[in-house]
Structures are given as C-alpha cells and as structure tokens.
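Both backbone and side-chain heavy atoms feed into the values below; hydrogens, waters and symmetry mates do not.
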Amino acid sequence: MADKQISLPAKLINGGVAGLIGVTCVFPIDLAKTRLQNQQNGCRLYTSMSDCLIKTIRSEGYFGMYRGAAVNLTLVTPEKAIKLAANDFFRFHLSKDGQKLTLLREMLAGCGAGTCQVIVTTPMEMLKIQLQDAGRIAAQRKLMPQAVTPGGPVELKSPTAMQLTRELLKEKGIAGLYKGLGATLLRDVPFSIIYFPLFANLNNLGKRGGEGPAPFYVSFLSGCAAGSTAAVAVNPVDVIKTRLQSLTRGSQEDTYSGVTDCIRKILRNEGPTAFLKGAYCRALVIAPLFGIAQVIYFLGVGEYILSHLPKQNN
C-alpha cells in the first residue's frame with residue numbers, strides 16, 4: 001500500500017511541532033543520560049537517573065534540569081523536520097508504482113534520513129552536551145578542587161550556547177561544531193535503519209482496514225516501541241559520541257582522539273558494560289519523543305495549520 005502523501009511544508013511543521021513538544025517533556029531525562037554517560041570510574045557523582053535528577057535539583061534548582069534545552073528547542077525543529085521529511089521522501093522515491101516497500105528499501109530510506117539529519121544533529125548535540133554536563137563538572141570542582149581541567153578550547157564558568165559557538169568557531173572554525181560527526185553518523189544511521197522500518201510495520205499491524213492511517217494510539221505505541229528498541233540498540237555508539245563531544249572533563253578522566261581510541265580506553269578502564277551507561281534513560285527519552293512525533297505527524301497538525309492560514313490573492 002502506498003504511504004500517506006503529505007506536502008513538504010506540512011511535513012516540516014509536523015516534525016517541528018513534535019520535536020518541540022517531545023523535547024520539553026523528556027529533556028530532564030536526557031540531561032541525566034548525558035551526565036551518566038560522561039562520568040568515568042573514580043569520578044562518579046551519580047548512581048542512577050533518579051539520583052542524578054535529585055542532586056541536580058538540589059544543587060542547580062528545578063531549571064538546572066533544563067540546561068541546554070534552549071539550543072535543543074531551537075534546533076530540534078529543523079532536525080526532526082529533516083529526519084521525518086527525508087524518510088518520507090526516500091520511501092516515496094524507493095516505492096514502485098505505490099506498492100508496499102520491501103524491508104531492504106525501508107532500511108535504505110531510514111539510512112538516507114539518518115544521513116541527512118546529522119547536518120543539524122551534530123552541532124546541536126555538540127552544544128547541548130557542553131551545557132548539560134556543566135553541572136557535573138561544577139559539582140566535581142566543589143567536591144574535588146583542582147580535579148577539573150579543560151579538555152578542549154572552552155573554559156567557561158557558566159557557558160551559554162552563543163559563547164560556546166563563538167569560542168569554537170574562533171578556535172577551530174566550523175569543524176569545531178562538527179566534532180564527533182563520525183560517531184553521530186554511526187549512531188543516527190543505524191538508529192534510522194532500525195526505527196523507521198520497525199515503526200512502519202508495527203503501525204501497519206494496527207490499521208483497521210487496508211487504507212487510511214492507523215488510530216493515533218497505535219501510532220503513539222508504535223513510535224514508542226520502535227524508538228526505544230532503536231535507542232538501546234545504538235546506545236554504545238551514543239556513549240562514544242557523548243565522550244568525544246565533551247570538551248571539559250575531570251583531570252582523572254580519559255580524553256579521546258577518535259572513535260577507535262575511545263572504544264579501546266573504555267574497554268580497558270571501564271569494561272564493556274560502560275557502553276550501556278544511560279541506556280534506560282535514552283530509551284525513556286526516545287520512546288515518548290518519537291511516539292509524540294508520530295502522533296503529530298499522523299494527526300496532520302501541519303495540514304490543519306496550513307489549511308487555516310489566510311490565502312493571498314495574486
């Protein structure tokens with residue numbers, strides 16, 4: 001059966017609205033994920049997601065859980081829009097005469113979507129990680145004076161996204177914002193290869209008939225299931241990406257020159273289980289994020305908004 005055809009402007013609106021709602025709901029869990037993934041043996045401040053969030057509220061206040069949210073909310077609209085629209089674009093052009101896509105073609109469409117989104121995802125994650133991890137670094141500095149040393153060009157007490165961006169551009173040019181691009185590709189391409197085909201097939205199982213979209217709750221549950229499955233599957237690469245993109249770390253924490261060096265040092269110093277750090281947090285973030293995204297997408301929020309815009313007479 002042919003995929004539901006939606007205009008490009010509507011796809012962009014759907015992806016943007018879904019991203020804004022989803023990020024607002026789950027950002028504190030994402031902050032906990034980043035801090036848990038970044039802490040290394042000998043410098044552990046948090047024992048679990050709940051412990052991290054409680055300590056964050058105590059030391060930084062309620063809004064401390066939303067450090068880095070502004071940059072995420074700013075860039076998540078184009079990021080989600082590119083991801084959803086690109087997948088739809090590739091699915092449409094890979095289909096033959098409107099026939100149902102084979103699993104291989106669905107995976108190719110997901111691969112294309114994951115490759116396109118890193119244009120926005122990499123700098124967004126780069127900035128977000130610095131802001132999210134600033135509280136952990138500050139806590140280390142209080143508990144262990146002289147324990148924190150810069151691992152890169154940025155050394156700011158209370159950095160803002162604009163300060164970080166200016167400093168990175170000044171020191172390293174546009175490449176500074178794209179540090180960890182390879183690891184981001186290694187995470188997002190497999191994620192999309194797993195997520196989009198799995199979602200499409202789960203969603204099709206819930207359709208009441210041969211035509212038309214599935215009920216909204218089916219889309220939501222399918223998005224949650226596919227998102228959490230894909231998130232856990234690529235979590236090891238997400239740990240590597242987070243470590244590579246962190247510019248400031250403790251003096252007793254390892255620094256990494258690349259993906260291979262990061263894998264080797266994590267295995268040697270922390271063991272293979274370190275690659276699962278933050279996995280349940282990531283699943284808790286991605287599940288509702290993509291569940292909400294698919295509900296917005298299939299409810300046609302973008303189409304509704306466009307249909308109610310005043311039309312200009314030429």
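No path of Ile, Leu, Val, Met, Phe, Trp and Tyr side chains, each step under 4.5 Å between heavy atoms, connects L186 with Y178, placing them in separate hydrophobic clusters. Residue L306 is grouped with residue V301 when hydrophobic side chains (ILVMFWY) are merged at heavy-atom distances under 4.5 angstrom, including chains of intermediate members. In terms of hydrophobic clustering, with Ile, Leu, Val, Met, Phe, Trp and Tyr side chains grouped at heavy-atom distances under 4.5 Å, I194 and L104 are assigned to different clusters. Under a hydrophobic-cluster definition in which Ile, Leu, Val, Met, Phe, Trp and Tyr are linked whenever side-chain heavy atoms come within less than 4.5 Å, directly or via other members, V189 and L103 are assigned to the same cluster. At a threshold of 4.5 Å between side-chain heavy atoms, the hydrophobic network of Ile, Leu, Val, Met, Phe, Trp and Tyr places M126 and L164 in one connected group.
Screening K179, Q130, Q245, K241 for a side chain to side chain donor-acceptor pair (under 3.5 Å) with E125, the sole residue that qualifies is K241. Considering V23, L284, D30, I29 as possible partners of L289, the one that fulfils the side-chain contact (heavy atoms from CB on, under 4.5 Å) test is V23.
L267 approaches P272 most closely through the heavy-atom pair CD2-CA, 3.9 Å. Looking at every heavy atom in both residues, T56 comes nearest to C52 through OG1-O, 2.7 Å. Scanning all heavy atoms of the two residues, the minimum distance from L36 to C281 falls at CD1-SG, 3.8 Å. In this structure, A183 and V259 approach most closely via the heavy-atom pair CB-CG2, 4.2 Å. Pairing each heavy atom of L45 with each of R136, the nearest pair is CD1-O, 3.4 Å. For the residue pair G110 and F196, the shortest heavy atom distance occurs at CA-CD1, 4.0 Å.
For the atom pair T255 OG1 and D261 CG, the distance stands at 7.5 Å (nearest 0.5 Å). Of the inter-residue distances, the one linking L108 atom CG with N87 atom CG reads 11.5 Å to the nearest 0.5 angstrom. One distance of note links CZ of R67 with OG1 of T160; it measures 12.0 Å at 0.5 Å rounding. A distance of 4.5 Å separates CG in L244 from SG in C262, rounded to the nearest 0.5 Å. One distance of note links OG of S95 with CZ of F90; it measures 13.5 Å at 0.5 Å rounding. Considering CD1 of I54 and OG of S48, their distance stands at 7.5 Å, rounded to 0.5 Å.
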Subject >> Audit row: R166, L169, side-chain contact (heavy atoms from CB on, under 4.5 Å) steps and yes/no >> reply: CA-CA 5 Å; R166 283 196 296 266; L169 289 175; 5.9 Å; no

**OP:** Applying side chain to side chain donor-acceptor pair (under 3.5 Å), run through N203 and S219 and close with a yes or a no.
**Re:** CA-CA 6 Å; N203 197 54; S219 294; 3.1 Å; yes

Original post:
Given the rule in the side-chain contact (heavy atoms from CB on, under 4.5 Å) test, do L177 and L127 qualify, once you have shown the distances and angles that lead to the verdict?
Top reply: CA-CA 8 Å; L177 291 172; L127 296 172; 4.1 Å; yes

**OP:** Show your working on salt bridge (Lys or Arg N to Asp or Glu O under 4.0 Å) between E60 and R35 and close with a plain yes or no.
**Re:** CA-CA 14 Å; E60 303 168 55; R35 294 187 177 185; 2.9 Å; yes

**OP:** Verify salt bridge (Lys or Arg N to Asp or Glu O under 4.0 Å) between K170 and E167, making sure each step is shown before the conclusion.
**Re:** CA-CA 5 Å; K170 179 181 176 182; E167 193 70 23; 5.5 Å; no

**OP:** Apply the test side-chain contact (heavy atoms from CB on, under 4.5 Å) to residues R282 and V232: give CA-CA distance (whole Å), side-chain angles for both, the deciding distance (0.1 Å), then the verdict.
**Re:** CA-CA 7 Å; R282 184 162 163 74; V232 172; over 6 Å; no

**OP:** Any chance you could lay out the side chain to side chain donor-acceptor pair (under 3.5 Å) test for Q132 and N38, step after step, and finish with the verdict?
**Re:** CA-CA 10 Å; Q132 286 182 327; N38 257 335; over 6 Å; no

**OP:** Check step by step if side-chain contact (heavy atoms from CB on, under 4.5 Å) holds for F275 and I263.
**Re:** CA-CA 9 Å; F275 290 108; I263 294 172; 4.1 Å; yes

**OP:** For the pair D88 and R91, evaluate salt bridge (Lys or Arg N to Asp or Glu O under 4.0 Å) and give the outcome as yes or no after the intermediate values.
**Re:** CA-CA 5 Å; D88 233 35; R91 287 179 69 87; 5.2 Å; no

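Of the possible polar contacts, none joining the T122 side chain to the I119 backbone as a donor-acceptor pair under 3.5 Å is found. At least one donor-acceptor pair under 3.5 Å links the side chain of N201 to the backbone N or O of P197. Side-chain atoms of Q39 come within 3.5 Å of backbone N or O of Y46 as a donor-acceptor pair. A distance-only check finds a donor-acceptor pair linking the side chain of Y66 to the backbone of T24 [under 3.5 Å].
Remark: F89 engages H93 in a ring-ring contact (aromatic ring centres under 6.0 Å, His included) (not counting sequence neighbours). In this view, T184 satisfies the side chain to side chain donor-acceptor pair (under 3.5 Å) rule with no residue, not counting sequence neighbours. Remark: F191 pairs with Y195, F290 by the ring-ring contact (aromatic ring centres under 6.0 Å, His included) rule, at least two apart or across chains. By the side chain to side chain donor-acceptor pair (under 3.5 Å) test, Y256 is found to be paired with Q40, R243, residues two or more places apart in sequence or in another chain being considered. Applying the side chain to side chain contact (heavy atoms under 4.5 Å, CB included) criterion to T74, with sequence neighbours excluded, gives no partner residue. For K83, the side chain to side chain donor-acceptor pair (under 3.5 Å) partners at least two apart in sequence or on another chain are Q117, S192.
Residue M162 belongs to no hydrophobic cluster, having no ILVMFWY side-chain heavy atom closer than 4.5 Å to its own. Other members of the cluster containing L205 are L198, L202, with ILVMFWY side chains joined at under 4.5 Å, either directly or via other members. Counting side-chain heavy-atom gaps under 4.5 Å among Ile, Leu, Val, Met, Phe, Trp and Tyr, Y304 is found in no cluster with other residues. Here L31 sits alone; no ILVMFWY side chain lies under 4.5 Å from its own, so it joins no hydrophobic cluster.
The stretch residues 192-201 participates, sequence neighbours left out, in no salt bridge (Lys or Arg N to Asp or Glu O under 4.0 Å) pair at all. Sequence neighbours left out, not one pair with a member in residues 191-203 passes salt bridge (Lys or Arg N to Asp or Glu O under 4.0 Å).
The shortest distance between side-chain heavy atoms of T121 and I82 does not fall below 4.5 Å. The shortest distance between side-chain heavy atoms of K277 and T242 does not fall below 4.5 Å. In this structure, the side chains of N72 and E79 stay at 4.5 Å or more apart for every pair of heavy atoms. Side-chain contact between I286 and S228 is absent, with no heavy atoms from C-beta onward closer than 4.5 Å.
For R58, the CZ atom sits in a loose shell: 12 or fewer heavy atoms of surrounding residues, nucleotides or ligands are nearer than 6.0 Å.
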